[in-house]
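This report concerns only the one structure given below.
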Amino acid sequence: MKLASSLLFPNQWRLLASPPQLYLQAFVFSTASSTPKSPTFWSPTLRQCRNLQTAVSPVVTSSYLPTSYITQKQIETPTSPEKQGPPVQESLGAFQKLPMVMPSIDLYSSALRKSKRVQPTKGIANIAKRERNRGAKQLDALMKELALPLKGYMESFPRRRLLHPYERSLIELTLGDGKYEEVLGKVDALRKKVQSVGKEHASLCAKALSKREAEDRLSEGVEKLELVFQQQGIAVDELLSIAKVLRAMPVVDLEMPTLCLVGAPNVGKSSLVRILSTGKPEICNYPFTTRGILMGHVILNYQRFQVTDTPGLLRRCDEDRNNLEKLTLAVLTHLPTAVLYVHDLTGECGTSPSDQFRIYKEIKERFEDYLWIDVVSKCDLLGGGSPVIYAKEDASNDEAETIRYRETGPDGSIHVSVKTEQGLSELKRRVKEVLSSEMKKIKSEVRVDPTVASS
């Protein structure tokens, strides 16, 4: 009873010592307070008890933690692998959330500068003890200043398997297969090495028997950590380069219709992107001028749409395609796009019309469900309908369909010329119709949450 009384405030103890009528009064008030019209009367004792707050502390992983702390930190009890759901896939835009990575030399210099400010614990009179305390604390501080940013990088860079398929393809085709995971693995290995060396030399410094020995152990630990960063710090610089490359990738909105320009290299896709959108791609007279995915925007009737310029496709199987061509296929595969396929019947692009026709048929069959616009570019060079053949080819074995394609292009195609502006008005009108239809298609699709679908 004495123990219980020591844990209570005076007013609480007075309440417990009160007669039962007081408890009855408190109960009557609690039931009457739910009725707005009932009068309320408070005694000083009850007013004091009303202001008391209690904290619920459930047991979490064998320790008592306040409920508010659990809510804020989102502490979860461990579950078995069978009960754990599949990892949640991130939406597009993960590259723009990447952290800023410091160069390795700046990271080490900053950590060393901060560690030197650490002072020994106050109140240590013995010189040797004070010096070894200072050395151990500085080495521990240096280790943490190096390891914590590396740990932050590992946690902030997303795992590739959790990325959107389109962004996974961009990582593989831009950086190379396995390069992303390789660099992250090197950074994690550097973090572990820094922690191991830092703890080892901090422990040795703490066991020094004299001031001189403590100073030597401190210098030795600093030199060892510097050597580790010199040998393996290149991983941090590689991660910095990866972050710059990925952050510069164009942002794609899955809720916004996309017009993707496709065709052989140097057929005039980039010129049409400049005319149709805000994109300003490089325009040169050589193959694979477009060395990545270039994004522009077009506004029609106060509505914003995306226009994408893609690298050209050559006539070959998928296994033999380079990474630039695979980027084009990744855009068509993973993004909600309408296709504007560009043809160059003059052969000036370096790819013969016959090869262009075979590439066109392959892509058309693969993405037959997409909204489609066919455009024949450079029509000002097609004098009188007779193509100017720059690429040599044997047309004797061509089928009737190929011969017809060489003369007029696909059925229903729009003939345009950027130089003379022929057909551009009709092209813009057709683009507006297709993008509006694509918007209706996107809005009509029922999106199911993958986590809900899997359950």
Side-chain angles (χ1 to χ4, degrees), residues 60-63 65-66 69-70 72-75 97-159 181-244 247:
V60 178
T61 62
S62 303
S63 63
L65 293 171
Y69 182 84
I70 297 173
Q72 293 173 2
K73 298 297 182 181
Q74 298 179 348
I75 297 178
K97 302 175 185 177
L98 295 178
M100 300 301 296
V101 180
M102 292 179 62
S104 59
I105 186 172
D106 293 344
L107 180 60
Y108 181 81
S109 300
S110 175
L112 182 62
R113 185 170 58 254
K114 292 179 181 179
S115 66
K116 288 182 177 180
R117 299 173 186 166
V118 177
Q119 299 298 323
T121 304
K122 294 182 179 180
I124 302 178
N126 186 279
I127 297 178
K129 290 183 178 180
R130 185 167 64 248
E131 191 60 30
R132 70 189 183 193
N133 176 267
R134 181 179 71 88
K137 290 181 66 176
Q138 287 190 0
L139 285 175
D140 184 70
L142 178 59
M143 179 268 295
K144 290 180 179 178
E145 290 292 339
L146 293 175
L148 288 179
L150 299 180
K151 181 181 179 181
Y153 298 155
M154 293 298 300
E155 294 175 349
S156 300
F157 275 77
R159 298 296 170 263
E181 290 83 357
E182 177 186 348
V183 173
L184 286 178
K186 289 181 180 179
V187 172
D188 194 41
L190 174 60
R191 178 187 64 84
K192 293 178 180 178
K193 184 69 173 178
V194 166
Q195 286 182 328
S196 175
V197 172
K199 290 179 180 179
E200 176 186 356
H201 285 80
S203 176
L204 292 176
C205 188
K207 297 176 183 178
L209 301 178
S210 64
K211 176 183 177 182
R212 179 64 179 271
E213 183 181 358
E215 292 175 347
D216 293 342
R217 295 284 174 83
L218 172 60
S219 300
E220 181 182 349
V222 172
E223 291 176 0
K224 185 65 176 178
L225 286 173
E226 182 180 2
L227 180 62
V228 169
F229 237 73
Q230 286 178 353
Q231 293 175 345
Q232 303 182 28
I234 186 65
V236 179
D237 298 325
E238 291 178 352
L239 189 66
L240 172 61
S241 300
I242 287 177
K244 288 181 178 179
R247 206 179 288 114

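Residues: numbered from 1 along the sequence shown.
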- Message: If the condition is salt bridge (charged side-chain N to carboxylate O under 4.0 Å, His left out), which residues does Lys192 pass it with, not counting sequence neighbours?
- Response: Asp188
- Note on the structure: When every non-hydrogen atom of Arg159 is compared with those of Leu184, the smallest separation belongs to NH1-CD1, 4.0 Å
- Item | Residues that Gln232 engages under side chain to side chain contact (heavy atoms under 4.5 Å, CB included), provided they are two or more places apart | Leu190, Lys193
- Task: I would like to know whether Leu107 and Phe229 meet side chain to side chain contact (heavy atoms under 4.5 Å, CB included); could you show each step before the answer?
- Result: CA-CA 10 Å; Leu107 180 60; Phe229 237 73; 3.7 Å; yes
- Any side-chain heavy atom of Val236 within less than 4.5 Å of one from Pro103? no
- Message: Just to verify, what does Asp216 make a side chain to side chain contact (heavy atoms under 4.5 Å, CB included) with, not counting sequence neighbours?
- Response: Arg212
- Residues in side chain to side chain contact (heavy atoms under 4.5 Å, CB included) contact with Lys116, at least two apart in sequence or another chain: Leu112
- Counting N and O atoms only, with roles assigned by atom type, does the side chain of Ser110 sit under 3.5 Å from a partner on the main chain of Asp106, one being a donor and the other an acceptor? no
- Measuring from Lys186:NZ to Glu182:CD, what's the distance to the nearest 0.5 Å? 4.5 Å
- Message: Please enumerate all residues that pass side-chain hydrogen bond (donor to acceptor under 3.5 Å, both in side chains) together with Ser104, with sequence neighbours excluded.
- Response: Asp237
- Task: Ignoring hydrogens and angles, tell me if any N or O in the side chain of Arg247 forms a donor-acceptor pair with the backbone of Pro99 under 3.5 Å.
- Result: yes
- Query: What is the distance from atom CZ of Arg132 to atom CD1 of Ile124, rounded to the nearest 0.5 Å?
  - Reply: 8.5 Å
- Message: Checking Glu223 now: which residues fulfil side-chain hydrogen bond (donor to acceptor under 3.5 Å, both in side chains) with it, not counting sequence neighbours?
- Response: none
- Note on the structure: By salt bridge (charged side-chain N to carboxylate O under 4.0 Å, His left out), Glu220 pairs with (sequence neighbours left out) none
- Message: How close do Val183 and Ala235 get, counting heavy atoms only, and between which atoms?
- Response: CG1-O, 3.8 Å
Which side-chain N or O atoms in residues 134-150 pair as donor and acceptor under 3.5 Å with protein atoms at least two apart or in another chain?
unit_1 : atom_1 : unit_2 : atom_2 : d
Arg134 : NE     : Glu131 : OE2    : 3.2
Arg134 : NH2    : Glu131 : OE2    : 2.2
Lys137 : NZ     : Gln119 : O      : 3.1
Gln138 : NE2    : Val118 : O      : 3.2
Asp140 : OD2    : Lys144 : NZ     : 3.2

- Query: Taking the side chain as C-beta and beyond, is there a heavy-atom pair between Val187 and Phe157 under 4.5 Å?
  - Reply: no
- Task: Not counting sequence neighbours, which residues clear side chain to side chain contact (heavy atoms under 4.5 Å, CB included) with Glu226? List them please.
- Result: Tyr108, Gln230
Could you go through residues 194-210 and list every donor-acceptor pair under 3.5 Å that involves a side-chain atom there, pairing it with any protein atom two or more places apart or in another chain?
unit_1 : atom_1 : unit_2 : atom_2 : d
Gln195 : OE1    : Arg191 : NH1    : 3.3
His201 : ND1    : Val197 : O      : 3.1
Ser210 : OG     : Glu213 : N      : 3.2

- Count the heavy atoms of every other residue, nucleotide or ligand shown that sit under 6.0 Å from CG of Leu227, and state whether that count exceeds 12. yes
